[in-house]
Structure formats: C-alpha cells, structure tokens
Amino acid sequence: LEEINNNQIKPISGWCVDGSTIGGNPGKSEYRCVDIESGKELFRTHIGFASNNIAEFLALMQALIISNGMCKKVTIYSDSQIAINWVRQCYYNTMVAREEETECMFKLLEESLAWLRVNKKVINDIVWWRGKLWGEIIADFGRKKIKKRW
C-alpha cells in the first residue's frame, strides 16, 4: 500500500471512503464509498453500534475487497490516518464492548482481518485525503458538528 499523489493536486479519479456515527461516538454507524469522477455512491453499509474509527476502517476494507474482487486497480482515498494505519498493520483497536448490538461490527472486523492476512499484496493504493488542501472528502456524510465562535 504505497503512498502516492505526493504532488498535492486534488484527485479527479479513484474512490473515496468515509465512516460516520449518529448520536455520538461511538453510536449507530455506517460507511460509504464514492467514485470521485462520477460522484456515484458505490456502496453504503450500516453496521449498527460502532466507533467512527471502526467505520472508517471497515469502509477502507470493503473498498479493497470489492476492487480486488473485480481485479480493478483503483486509488482509494480516506481522511482517516488511523484507519489507513490499521489496514497497513493488519490491526484494529476499539474500546467498544462485544455485546449483542456490536456483534455485526465485530464480525465485519474479524472477516476484514482474515481477508487482509490472506491478501497481503493488494493491487490498490490507499492514500490519505488532504482535507486542508482539497476540502472535505467527497464521501463525507456532512454530519460534523460545527464549532460556534463567540
């Protein structure tokens, strides 16, 4: 998983992913992937109760699994440095307890890590989305709380 696009130019192609929680972090979670060129949502997955970092990680993983299954070389962008590092290290970390409402999340995490271990040489690059240069990632859900200035 090489770092590319060092020239700082905003991408015009590839896929971007984002994860989101509703009602706090952790909370009800989902993630999605959007094709940068067309703006088309490629997938959206609801995972129940999880943390935002877990949703970001699972978004990257589903994008990798789908693109590799299609034998499609595509650059995948994420604005989560934590999720990118977890993919590169074949690891995740969460303080969310394993219980009935988080079982879906844990099953997806286990399946993702199992896939990564078998498919260590993926064909895609994962690149950090430079939000300060390029603006909000295209897959963003638009749920960030706006800080008021008094």
Side-chain angles (χ1 to χ4, degrees), residues 1-5 11 14-36 38-148:
L1 305 174
E2 300 286 325
E3 179 69 22
I4 62 167
N5 199 5
W15 294 358
C16 60
V17 297
D18 195 34
S20 180
T21 59
I22 302 167
N25 185 21
K28 291 182 182 178
S29 300
E30 65 181 327
Y31 57 82
R32 70 183 187 154
C33 179
V34 175
D35 179 81
I36 295 171
S38 69
K40 179 182 175 191
E41 185 177 82
L42 302 175
F43 62 78
R44 176 180 257 181
T45 305
H46 299 269
I47 56 172
F49 196 85
S51 70
N52 189 68
N53 286 335
I54 294 294
E56 297 270 6
F57 172 74
L58 290 173
L60 270 173
M61 289 305 308
Q62 187 167 341
L64 283 171
I65 291 166
I66 290 171
S67 59
N68 280 291
M70 298 167 56
C71 296
K72 179 176 178 131
K73 180 146 176 70
V74 61
T75 301
I76 302 170
Y77 294 88
S78 171
D79 63 1
S80 173
Q81 198 66 62
I82 290 171
I84 292 170
N85 289 336
W86 287 354
V87 170
R88 289 181 177 154
Q89 297 168 9
C90 194
Y91 164 87
Y92 73 87
N93 187 23
T94 186
M95 295 184 72
V96 175
R98 189 166 195 154
E99 47 196 31
E100 189 175 337
E101 73 176 336
T102 61
E103 192 58 32
C104 177
M105 175 194 82
F106 279 101
K107 284 184 179 179
L108 289 170
L109 287 168
E110 290 164 3
E111 290 170 4
S112 295
L113 290 182
W115 185 89
L116 262 180
R117 288 182 189 112
V118 171
N119 297 280
K120 286 185 178 182
K121 188 174 180 178
V122 297
I123 62 171
N124 297 319
D125 295 310
I126 296 175
V127 177
W128 178 59
W129 183 269
R130 291 165 175 78
K132 288 185 179 179
L133 285 174
W134 305 334
E136 195 63 68
I137 193 163
I138 295 163
D140 185 68
F141 286 88
R143 295 183 181 140
K144 291 178 184 68
K145 292 182 181 176
I146 299 169
K147 295 179 182 176
K148 293 183 180 179

Quiz prompt | Residue pair F43 / A59: nearest heavy atoms and the distance that separates them | solution = CZ-O, 3.8 Å
Quiz item: Distance from L113 atom CG to L108 atom CG, nearest 0.5 Å?
Solution: 11.0 Å
Quiz item: Between CH2 of W86 and CG of N53, what distance do you get to the nearest 0.5 Å?
Solution: 4.5 Å
Practice problem: Give a yes or no on whether the backbone of W129 and the side-chain of D79 come within a donor-acceptor separation of less than 3.5 Å. | Solution: no
Quiz item: Is N25 reaching over with its side chain to a backbone N or O of N52, donor-acceptor style, under 3.5 angstrom?
Solution: yes
Self-check item: I22 side chain near E30 side chain, heavy-atom distance below 4.5 Å
Solution: yes
Exercise. Mark yes or no for whether R32, through its side chain, and C16, through its backbone, hold a donor-acceptor pair below 3.5 Å.
Key: no
Self-check item: Shortest non-hydrogen separation from S80 to W128 and the atoms involved
Solution: N-CD1, 4.4 Å
Quiz prompt | Residues which pass side-chain contact (heavy atoms from CB on, under 4.5 Å) with E101, listed by chain and number, not counting sequence neighbours | solution = F49, E99
Quiz item: Can you name the salt bridge (Lys or Arg N to Asp or Glu O under 4.0 Å) partners of R117, sequence neighbours left out?
Solution: none
Self-check item: Atom of S78, atom of I84 and distance for their closest heavy-atom approach
Solution: O-CD1, 3.8 Å
Self-check item: Reported CZ-to-OH distance for the pair F106 and Y92, which is rounded to 0.5 angstrom
Solution: 5.5 Å
Exercise. Decide side-chain contact (heavy atoms from CB on, under 4.5 Å) for M61 and Y31; before the verdict, give the C-alpha distance in whole Å, the side-chain angles of both, and the deciding distance to 0.1 Å.
Key: CA-CA 11 Å; M61 289 305 308; Y31 57 82; over 6 Å; no
Quiz item: Any sub-3.5 Å donor-acceptor pair from T102's side-chain atoms to A97's backbone N or O?
Solution: yes
Self-check item: Heavy-atom side-chain proximity of I138 to Y77 below 4.5 angstrom
Solution: no
Quiz item: With no hydrogens and no angle check, is any side-chain donor or acceptor of S112 less than 3.5 Å from a backbone partner on E110?
Solution: no
Quiz item: Between atom OG1 of T45 and atom CG of L58, what is the distance when rounded to the nearest 0.5 Å?
Solution: 9.0 Å
Quiz item: Which distance, rounded to the nearest 0.5 Å, do you find between the SG of C33 and the CG of L60?
Solution: 9.0 Å
Quiz item: Heavy-atom distance under 4.5 Å between the side chains of K73 and D125, does that happen here?
Solution: yes
Quiz item: Can you tell me how far OG1 of T94 sits from CE of M105, rounded to the nearest 0.5 angstrom?
Solution: 4.5 Å
Self-check item: 4.5 Å side-chain heavy-atom contact, I126 and L64
Solution: yes
Quiz item: Looking only at heavy atoms, what is the nearest atom pair of I76 and S67, with distance?
Solution: CD1-OG, 4.1 Å
Exercise. For the pair S51 (side chain) and I54 (backbone), establish whether a donor and an acceptor sit closer than 3.5 Å, ignoring hydrogens and angles.
Key: yes
Practice problem: Look at atom CD of Q89 and say whether more than 12 heavy atoms of other residues, nucleotides or ligands are closer to it than 6.0 Å. | Solution: yes
Quiz item: For W15, what residues pass the ring pair (Phe, Tyr, Trp, His ring centres under 6.0 Å) criterion, not counting sequence neighbours?
Solution: none
Quiz item: Quick check: are there more than 12 heavy atoms from other residues, nucleotides or ligands sitting under 6.0 Å from CD1 of I82?
Solution: no
Practice problem: Indicate the atoms forming the closest heavy-atom contact of S29 with T21, along with that distance. | Solution: OG-CG2, 3.2 Å
Exercise. With the side chain counted from C-beta on, respond yes when D18 and E56 share a heavy-atom pair under 4.5 Å apart, and no when they do not.
Key: yes
Quiz prompt | Minimal non-hydrogen separation, R130 against V127, with atom names | solution = NH1-CG1, 4.0 Å
